[in-house]
Amino acid sequence: MTAPRVRFAPAPTGYLHVGSARSALFNWLYARHTGGTFVLRVEDTDEAKTTQEFVDAITEPLTWLGLDWDEGPLFQSAHRDRHVAAVQQLVAEGKAYYCDLSRDEIDQKAADAGLPSGYHGWSRDRDVEDGPGVVVRFRAPDEGHTVVDDLIRGRVEFAHDTIEDFVIRRGDGSPVFLIANAVDDHDMGITHVIRGEDLLNTTPKVLLLWHALGFGEPPTYAHLPLLVNEQRKKLSKRRDDVALADYVARGYLPEAMRNALALLGWGPKDEVEIRPIEEIIEMFDLADVNKAPAFFDPKKLDHINAEYIKAMTPMAFVEAAEPWLTADDAPYPVANYDRVVALALAEDVQQRVANLAEAPAWLDWLFLDSIDDYDEKSWTKAMVKGTVPDRVLDDIAAALADDDFTDRDRLETTVMAVGTALSEELDTRVMSQAPLRVALTGRGAGIPLWEAMTHLGRDVCLSRIAAARARLDV
RNA sequence: GCCCCGUUCGUCCAGUGGCCUAGGACGCCGGCCUUUCACGCCGGUAACACGGGUUCGAAUCCCGUACGGGGUGCCA
């Protein structure tokens, strides 16, 4: 048995759809699992010129995901002569014919004849001459059926009388994808066609052309279940996040995205979901792919991404997060960003974020010149409803007045001691950390204070405590 | 309308005739840890769409019904 050759054949639409990315991934997994070849082919059959920008919109996300291809990108448009020749061959052999009927005329004829809408072979024997606006239709068999032996779905039968004489060349002379697919898959020696279920219905047409062209043994097909949204509808560009680039922008890691995508329609038998791609390649098998559509759950993606983030080294995390940490819209003056500080606090941030884009919000107070906006609820809770916040702040300021702020443990001990002392004096529980946190960060929750305080430094800490204390008296 | 596909916890997946009083993960709920929020740990919630067969035995095989989805273009 020869090594499999699979292909991922996206249309150049200007972005890579997550559903397409999943198809690409499954092709890639199958190729890597079997030691086969993964071919990238851009399906630019239509008129529209394929610009470099549109090609990049496909290759960049694939590269980001780590899905390397062995051949390509090949362009369907480059083989147009072959496609046209195939059409001519079919016409010459009487297996296809010219038709000059417009869509309106076809609808009219169907209505007049009381037939279901659609084309009913009216031009088969009209001997239409080729010319501008004239299409070529394939003479579909009237009887019998075509069987698609699908690796995922099993045997699927299509009765020929339900397949109309479909167009294989447009009025402008351009071949449609059906014939281009048959010819290219044949010429490129593709052995397995792995794609979305939305293409299942087109398969018998391609097979019919394949055999009419005398191509011999056709590829094996495997139709993947569709990716759907919460409403169980096919992911649509309009209301769903379908562009892979959007996920990149929101700080998802390629390894996490790839892992998450691999879990849609397939799952490892040992039930360990988050694992190295090498293991997934090892275990992957098309025969194990599910048939039912899968909802791409953002919550699950977040969880997987969070796990990958926690597993990163602090350095790797900071480097990966820096595009967000140093973005123009960061919640602090970007010039204040300090990698050393980010690195020192990375682990605390890593266990709190689901994606890289969330990182700046946890570190903002370290890079802000001063706290100008206190979170209202936090302020109320710690400073208004809290127990003697004024005393807490005063005592902390006094206790820390001579500290050099280099020892995180000492800072913690000192601050906690203030709470303990006050608790005894007033015979009630006094929390010293809450007012301090609000004074320093403007919020009631966040990463641990102590290490961060050593980076913020004595002067900044003390002045923020004083600022909060002053606000308390207003 | 016609053609095709599908149906295991809310979601994703495991399960390919007996190991299933159906397992894991996410979510959710509760608890522990904690002078923040998280993390972590422990526990709980919850499903074989329905009806007929076949079989000693069915989530697993067959048929039907219901529901959902996809396709019905000179888009791919």
Side-chain angles (χ1 to χ4, degrees), chain A residues 9-13 20 43-48 76 99 101-103 106 116-119 133-137 148 150 152-154 156-159 161-164 166-178 180-181 195-204 223 225-226 228 230-234 260 263-274 287-288 290-304 306 310 347-353 362 378 381-382 412 415-416 419-420 423 429-434 436-438 441 443-449:
Chain A
T13 54
S20 300
E43 218 87 331
D44 56 345
T45 315
D46 206 354
E47 275 304 279
Q76 197 161 71
C99 171
L101 264 26
S102 69
R103 192 71 229 173
I106 289 169
S117 69
Y119 174 80
V134 173
V135 305
V136 175
R137 287 181 181 275
V148 177
D150 194 284
I152 295 171
R153 268 143 232 289
V156 184
E157 266 188 43
F158 295 88
D161 59 14
T162 65
I163 299 174
E164 64 176 36
F166 53 93
V167 171
I168 57 177
R169 194 210 67 186
R170 303 188 182 85
D172 64 3
S174 65
V176 305
F177 85 106
L178 295 164
N181 259 200
R195 25 121 88 148
E197 193 196 347
D198 50 345
L199 270 340
L200 180 56
N201 291 306
T202 70
T203 307
H223 287 92
L226 252 26
V228 299
E230 209 156 8
Q231 286 75 240
R232 303 255 117 207
K233 295 270 201 292
K234 187 165 82 161
L263 263 15
L264 294 171
W266 178 84
K269 298 193 190 306
D270 64 6
E271 306 190 331
V272 177
E273 299 185 319
I274 298 176
D288 296 331
N290 285 155
K291 300 176 175 72
F295 167 48
F296 185 41
D297 191 349
K299 292 219 185 81
K300 182 101 171 190
L301 207 215
D302 278 348
H303 170 257
I304 293 172
K310 286 192 193 82
E347 282 180 278
D348 290 324
V349 176
Q350 279 172 270
Q351 61 186 197
R352 268 159 251 258
V353 298
W362 291 91
S378 300
K381 190 176 178 196
E412 176 174 4
V415 172
M416 291 312 199
T420 305
S423 294
R429 189 84 187 275
V430 178
M431 314 268 224
S432 56
Q433 189 180 171
L436 208 220
R437 177 179 292 282
V438 173
T441 75
R443 280 185 235 106
I447 59 173
L449 255 18

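Chain identifiers are assigned alphabetically (A, B, ...) following the order of the sequence lines, protein sequences preceding nucleic acid strands; residue numbering begins at 1 within each chain.
Within 4.0 Å (heavy atoms only), A:Thr202 reaches at least one base atom of the nucleic acid. Contact annotation for A:Pro448: base contact, defined as any heavy-atom pair under 4.0 Å involving a base atom. Note on A:Arg443: nothing from the nucleic acid sits closer than 4.0 angstrom, heavy atoms only. Residue A:Ser432 is in base contact, counting any heavy-atom pair closer than 4.0 Å across all strands shown. Residue A:Leu199 is in base contact, counting any heavy-atom pair closer than 4.0 Å across all strands shown. Residue A:Ile168 is classed as having no contact, given no heavy-atom separation below 4.0 Å to the nucleic acid. Backbone-only engagement by A:Glu157 is indicated by non-hydrogen atom pairs under 4.0 Å involving sugar-phosphate atoms exclusively. Residue-level contact check: A:Gly265 touches the backbone only, with heavy atoms under 4.0 Å from sugar-phosphate atoms and none from bases. Note on A:Asp288: a base of the nucleic acid sits closer than 4.0 angstrom, heavy atoms only. Counting non-hydrogen atoms under 4.0 angstrom, A:Val135 reaches a base of the nucleic acid.
Contact of the A:Arg153 side chain with the A:Val148 side chain is not registered, since no non-hydrogen atoms from C-beta on lie closer than 4.5 Å. With contacts defined as side-chain heavy-atom distances shorter than 4.5 Å, the pair A:Met416/A:Gln433 qualifies.
Straight-line distance between the P atoms of B:rC61 and B:rG6: roughly 12 Å, to the nearest whole Å.
Between the CG atom of A:Asp297 and the C1' atom of B:rG24 there is a distance of 16 Å, given to the nearest Å. Distance A:Asp348 CG to B:rU36 C1': 12 Å, rounded to the nearest Å. Residue A:Ile447 contributes atom CD1, which lies 15 Å from atom P of B:rU36 at whole-angstrom precision. A straight line from CG of A:Leu200 to P of B:rC3 spans 15 Å, rounded to a whole angstrom. In this entry the distance linking CD1 of A:Ile152 with P of B:rG69 reads 21 Å, nearest Å. Rounded to whole angstrom, the span from the CD atom of A:Glu164 across to the C1' atom of B:rG71 amounts to 12 Å. At whole-Å resolution of the value, CG in A:Leu264 and P in B:rC12 are 9 Å apart. Residue A:Lys269 contributes atom NZ, which lies 13 Å from atom P of B:rC13 at whole-angstrom precision.
What you find for A:Arg437 and A:Ala445 is that their closest heavy atoms are CD-N, 3.7 Å.
Taking 4.0 angstrom as the limit, A:Asn290 places none of its side-chain polar atoms (N or O) nearer than this to OP1 or OP2 of B:rC12. Put simply, A:Lys299 has no side-chain N or O that comes within less than 4.0 Å of OP1 or OP2 on B:rC12. When the side-chain nitrogen and oxygen atoms of A:Lys310 are compared with OP1 and OP2 of B:rC39, none of them lie within a distance under 4.0 Å. Taking only side-chain nitrogens and oxygens, A:Arg103 comes nearer than 4.0 Å to OP1 or OP2 of B:rC74.
No more than 12 heavy atoms of other residues, nucleotides or ligands lie within 6.0 Å of CD in A:Glu230, so this atom counts as exposed by the packing criterion. Atom CD of A:Glu347 sits in a sparse spot, with 12 or fewer heavy atoms from other residues, nucleotides or ligands closer than 6.0 Å.
In this structure B:rG18 sits in a base pair with B:rC56, meeting the Watson-Crick or G-U test at under 3.5 Å. Across the strands present, B:rA38 finds no partner; the criterion is a Watson-Crick or G-U wobble pair with both atom distances under 3.5 angstrom. The pairing partner recorded for B:rC2 is B:rG71, the criterion being a Watson-Crick or G-U wobble arrangement whose two distances lie under 3.5 angstrom. Pair assignment for B:rA76: none, as no Watson-Crick or G-U wobble contacts are both less than 3.5 Å. Judged by Watson-Crick or G-U wobble contacts below 3.5 Å, the nucleotide B:rC26 has B:rG10 as its partner. With a 3.5 Å ceiling on both atom-pair distances, the Watson-Crick or G-U wobble partner of B:rG64 is B:rC50.
Atom CZ of A:Phe296 and atom CG of A:Leu226 lie 14.0 Å apart (nearest 0.5 Å). Going from atom CG of A:Leu449 over to atom OG1 of A:Thr441 covers 7.0 Å, rounded to the nearest 0.5 Å. Between the CG atom in A:Leu436 and the CE atom in A:Met431 there is a gap of 14.0 Å [rounded to 0.5 Å]. Residue A:Thr203 holds its OG1 atom at 3.0 Å from NE2 of A:His223, rounded to the nearest 0.5 Å.
Of the candidate nucleotides B:rC4, B:rG70, B:rC37, B:rC4 has the atom nearest to the side chain of A:Phe158. Nearest nucleotide to the side chain of A:Ala292, out of B:rG6, B:rA76, B:rC3: B:rG6. For A:Lys234, counting side-chain heavy atoms from C-beta on, the closest listed nucleotide (B:rG70, B:rC12, B:rG6) is B:rG70. Considering only side-chain atoms of A:Arg232, the nucleotide from B:rC4, B:rA25, B:rG68 that sits closest is B:rG68. Side chain of A:Glu271, nearest nucleotide from B:rG70, B:rC12, B:rG23: B:rG23. Minimum atom distance to the side chain of A:Phe295 is reached by B:rC12, of the listed B:rG71, B:rC12, B:rA76. With B:rA76, B:rC3, B:rC39 as the candidates, the nucleotide lying closest to the side chain of A:Asn201 is B:rC3. Relative to the side chain of A:Lys291, the nucleotides B:rG6, B:rU36, B:rA14 differ in distance, and B:rG6 lies closest. Each of B:rG70, B:rU35, B:rU36 was ranked by its minimum atom distance to the side chain of A:Ala445; first place goes to B:rU36.
Judged by closest nucleotide on RNA chain B, A:Gly419 is the one of A:Gly419 and A:Gln231 placed further toward the 5' end. Both A:Pro268 and A:Pro10 lie close to RNA chain B; mapped to their nearest nucleotides by heavy-atom distance, the more 5′-ward contact belongs to A:Pro268.
One can find a donor-acceptor pair under 3.5 Å joining the base of B:rC37 and the side-chain atoms of A:Arg352. Taking only distance into account, the side chain of A:Gln351 never meets the base of B:rG40 through a donor-acceptor pair shorter than 3.5 Å. For A:Glu197 against B:rG70, no side-chain N or O and base N or O form a donor-acceptor pair under 3.5 Å.
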